[in-house]
Structures are given as structure tokens and as C-alpha cells.
Amino acid sequence: MSAPPGEDLVNQWESEQARLRLQVVEEDTEDWQRSPDFSGLERVGGVDLSFIKGDEVNACAQLVVLSYPDLEVLYEDSRMVTLTAPYIAGFLAFRETPFLLEALQRLERNQPKLRPQVVFVDGNGVFHYREFGLACHLGVLSGLPCVGVAKNLLQVQGVHKNEQHQSQIAALQKGGDSFPLTAASGKVLGKALRSSDRSCKPVYVSVGHKISVTTAVRLTHSCCRYRVPEPIRQVAKDATKALKTSKYRRPLKICHLWECA
DNA sequence: GCGACAG
DNA sequence: ATCTTGTCGC
């Protein structure tokens with residue numbers, strides 16, 4: 001008797017997450033993180049994968065490094081990749097991490113002086129079913145401080161998108177205001193952050209690795225010109241642009257009736 | 001059956 | 001994730 005399709009894989013992934021989870025550092029480890037104005041912080045990174053409609057397999061993997069505090073692009077790398085793992089909520093890292101790591105390794109090899117001091121990741125960190133989202137996974141495997149920023153609320157560990165949550169959102173007055181996302185256990189898994197004065201819809205910030213929640217929220221706010229922090233906004237923009245222009249252009253397959261036998 | 005489902 | 005036009009507001 002074999003398990004239903006996919007169940008073995010998910011079980012294996014869960015134990016991998018449990019194993020790596022032990023290595024997450026949820027405190028500030030860098031001097032610049034303690035500084036009121038982040039002095040000493042000069043480079044912030046962003047990573048992302050972009051897709052084309054109807055293609056779940058091919059994607060553009062992107063890494064950008066921005067200067068801090070000016071948020072100017074210092075480095076960008078994009079590469080077409082072919083994914084193997086499916087998207088399953090809670091297991092995003094197994095789909096994306098290998099290619100994000102490769103991009104970080106290319107940077108390390110070619111321009112080590114541009115290594116980011118912190119990486120913004122599109123997705124959650126410890127705000128996750130098993131407290132080990134994409135930002136933690138990439139953080140542990142790369143050894144770099146990482147911050148998870150999700151654009152949508154994952155309902156997890158007793159955190160619900162209910163009326164209470166909505167009224168907490170409504171109470172966020174200005175950019176930088178936040179409220180904690182508290183698990184049933186009492187642990188603060190992350191924070192909902194109003195990232196700018198003009199955006200009412202918050203982003204969900206959580207620790208990836210080697211940074212505290214408080215610092216992660218403060219840093220995220222300081223990297224926001226718009227709702228989404230600049231490193232992630234830049235990387236997503238460039239990846240989408242790359243997909244639409246030169247790099248990813250193949251003729252559509254012509255379907256012939258006689259092939260449909 | 002119904003709702004939830006980071007990207 | 002991606003699609004797509006206009007529209008409202010500063």
C-alpha cells in the first residue's frame with residue numbers, strides 16, 4: 001500500500017523544515033541592526049521569481065542589490081530557470097530556494113564586494129505553519145540575514161483574517177505603524193506593517209534569519225517608498241521586464257489536428 | 001461540502 | 001505567480 005501521491009514528498013519536506021528550523025537565529029546579529037539609523041548598512045538585497053501566464057515551470061530568477069539608504073541599484077542578475085517542485089502553500093521554499101541560492105552564489109563568485117548585508121524575500125519567514133517559511137529557508141542555507149515580506153496574510157497558527165484583524169488594520173494611522181501577529185502559543189510570529197502613509201493595505205513582515213522582528217519591521221519601513229519594500233519592488237519589476245523582452249521568447253507551438261490522435 | 005491556499 | 005483598462009486622486 002503506497003501513500004496518496006505527493007504525501008511522501010510532503011512528509012519528507014516537513015522533516016527537512018523541522019531539521020533546518022533549529023538553525024534559525026531570531027535575534028539581531030549585526031552591529032548595524034542596533035544602530036538607530038542603521039549606520040553601517042550599505043547594501044540591501046532582494047530576490048524573486050517571476051512567471052509568465054500559463055507556464056508554471058519556466059521562470060526568471062532575479063537578484064538585485066541596492067545601496068542603503070539611497071536605494072539605488074548596484075547589481076542585478078537575472079536568469080531563466082526550470083522549476084521542478086510544484087507550488088504547495090507552506091512549501092514554497094522547495095520550489096524557489098535552489099535558484100535564489102544560485103543567484104547569491106554567482107554574486108559571491110563574481111562580485112563578492114557587493115554581497116548584501118540583508119536580503120528581502122517575497123514571502124514569509126517564521127510567520128508560517130511550522131515557523132520556517134521561504135525567508136528562513138534562504139537565510140539558513142545562505143547564512144545571510146533575511147527578512148520575509150508577504151503581500152497577503154497567511155492564516156496560520158490561530159492568526160485569522162477576521163473582523164478583529166480588519167479593525168487592527170484600520171487602526172494603523174501612518175507609515176511605520178504595525179501590530180503583532182500572535183500565534184495561539186503567544187509567540188509573536190511577525191507584524192502587519194503599514195509600509196507607507198498612502199497604502200492602507202499592510203504588508204506582513206517576519207524574521208527570516210539573523211534579525212529580530214522589531215528590527216525587521218523598522219528596516220522594512222525604512223526601505224519603503226511605496227507599499228512593497230524597494231528591493232522586492234525592483235527585483236519583481238526587472239524580472240517581469242526581462243521576461244517580456246529579449247530573454248524569454250519562443251514561438252508558440254503550432255497545434256495540428258492530426259497530432260491529437 | 002466548505003473554506004483556505006506566502007508565491 | 002500572471003492577466004488587464006480605466007479610473008480616481010494628489
Rounded to whole angstroms, how far apart are CD1 on A:Ile232 and P on C:dA1?
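Rounded to whole Å, this separation is 10 Å.
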State which residues pass side-chain hydrogen bond (donor to acceptor under 3.5 Å, both in side chains) with A:Arg233; sequence neighbours excluded, sorted by chain then number.
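Expected list: A:Glu230.
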Is there side-chain contact between A:Val147 and A:Val121, with heavy atoms separated by less than 4.5 Å?
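SC-SC contact between A:Val147 and A:Val121 ruled out.
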Within a strict 4.5 Å, meaning less than it, do heavy atoms of the A:Cys223 and A:Phe120 side chains meet?
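A side-chain contact under 4.5 Å exists here.
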Side chain to side chain donor-acceptor pair (under 3.5 Å) contacts in which one or both residues fall within residues 18-31 of chain A, not counting sequence neighbours:
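Every pair satisfying side chain to side chain donor-acceptor pair (under 3.5 Å) with a residue in residues 18-31 of chain A: A:Glu16-A:Arg19, A:Arg21-A:Glu26, A:Arg21-A:Glu131, A:Glu26-A:Lys187, A:Asp28-A:Ser212, A:Asp28-A:Thr215.
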List for me each residue that meets ring-ring contact (aromatic ring centres under 6.0 Å, His included) alongside A:Phe132, sequence neighbours excluded, and say none if there are none.
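A:His137.
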Only pairs at least two apart or in different chains count here, so list each salt bridge (charged side-chain N to carboxylate O under 4.0 Å, His left out) that has a residue in [range].
{"range": "residues 162-184 of chain A", "value": "A:Lys174-A:Asp177"}
{"range": "residues 146-161 of chain A", "value": "A:Asp122-A:Lys151"}
{"range": "residues 96-111 of chain A", "value": "A:Asp77-A:Arg106, A:Glu108-A:Arg115"}

Please produce a list of atom pairs where a protein N or O lies less than 3.5 Å from an N or O of nucleotides 3-7 of chain B.
unit_1	atom_1	unit_2	atom_2	d
B:dA4	O3'	A:Gln155	NE2	3.2
B:dC5	OP1	A:Gln155	N	2.8
B:dA6	OP2	A:Tyr87	OH	2.6
B:dA6	O4'	A:Asn124	ND2	3.3
B:dA6	N7	A:Gly90	N	3.0
B:dA6	N6	A:Gly90	O	3.1
B:dA6	N6	A:Phe91	N	3.2
B:dA6	N6	A:Leu92	N	3.3
B:dA6	N6	A:His128	NE2	3.3
B:dA6	N1	A:Leu134	N	3.1
B:dA6	N3	A:Asn124	N	2.9
B:dG7	OP1	A:Lys151	N	2.9
B:dG7	OP2	A:Asn152	ND2	2.8

Cluster companions of A:Phe179 among Ile, Leu, Val, Met, Phe, Trp, Tyr (side-chain spacing under 4.5 Å):
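A:Phe127, A:Tyr129, A:Leu153, A:Leu154, A:Val156, A:Val159, A:Ile169, A:Leu172, A:Leu181, A:Leu189, A:Tyr204, all in the cluster of A:Phe179.
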Give every donor-acceptor pair under 3.5 Å between a side-chain atom in residues 64-73 of chain A and any protein atom, sequence neighbours left out.
unit_1	atom_1	unit_2	atom_2	d
A:Ser67	OG	A:Leu71	N	3.4
A:Ser67	OG	A:Glu72	N	3.0
A:Tyr68	OH	A:Ser222	OG	2.9

Could you spell out the base pairing of DNA chain B as a dot-bracket line? Use Watson-Crick and G-U wobble contacts where both distances are under 3.5 Å, [ ] for crossing pairs, | for partners on a different strand.
.......
What pairs of nitrogen or oxygen atoms, one from the protein and one from nucleotides 7-10 of chain C, lie under 3.5 Å apart?
none

Output yes when a side-chain donor or acceptor of A:Lys191 lies under 3.5 Å from a complementary backbone atom of A:Thr214, and no otherwise.
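No.
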Strictly distance-based, threshold 3.5 Å: is any side-chain N or O of A:Arg227 a donor or acceptor partner for the main-chain N or O of A:Lys201?
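Yes; at least one donor-acceptor contact below 3.5 Å.
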Can you tell me which stems involve DNA chain C, if a stem is defined as three or more consecutive Watson-Crick or G-U wobble pairs, both distances under 3.5 Å?
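When the pairs of DNA chain C are grouped into runs of at least three, no such run exists.
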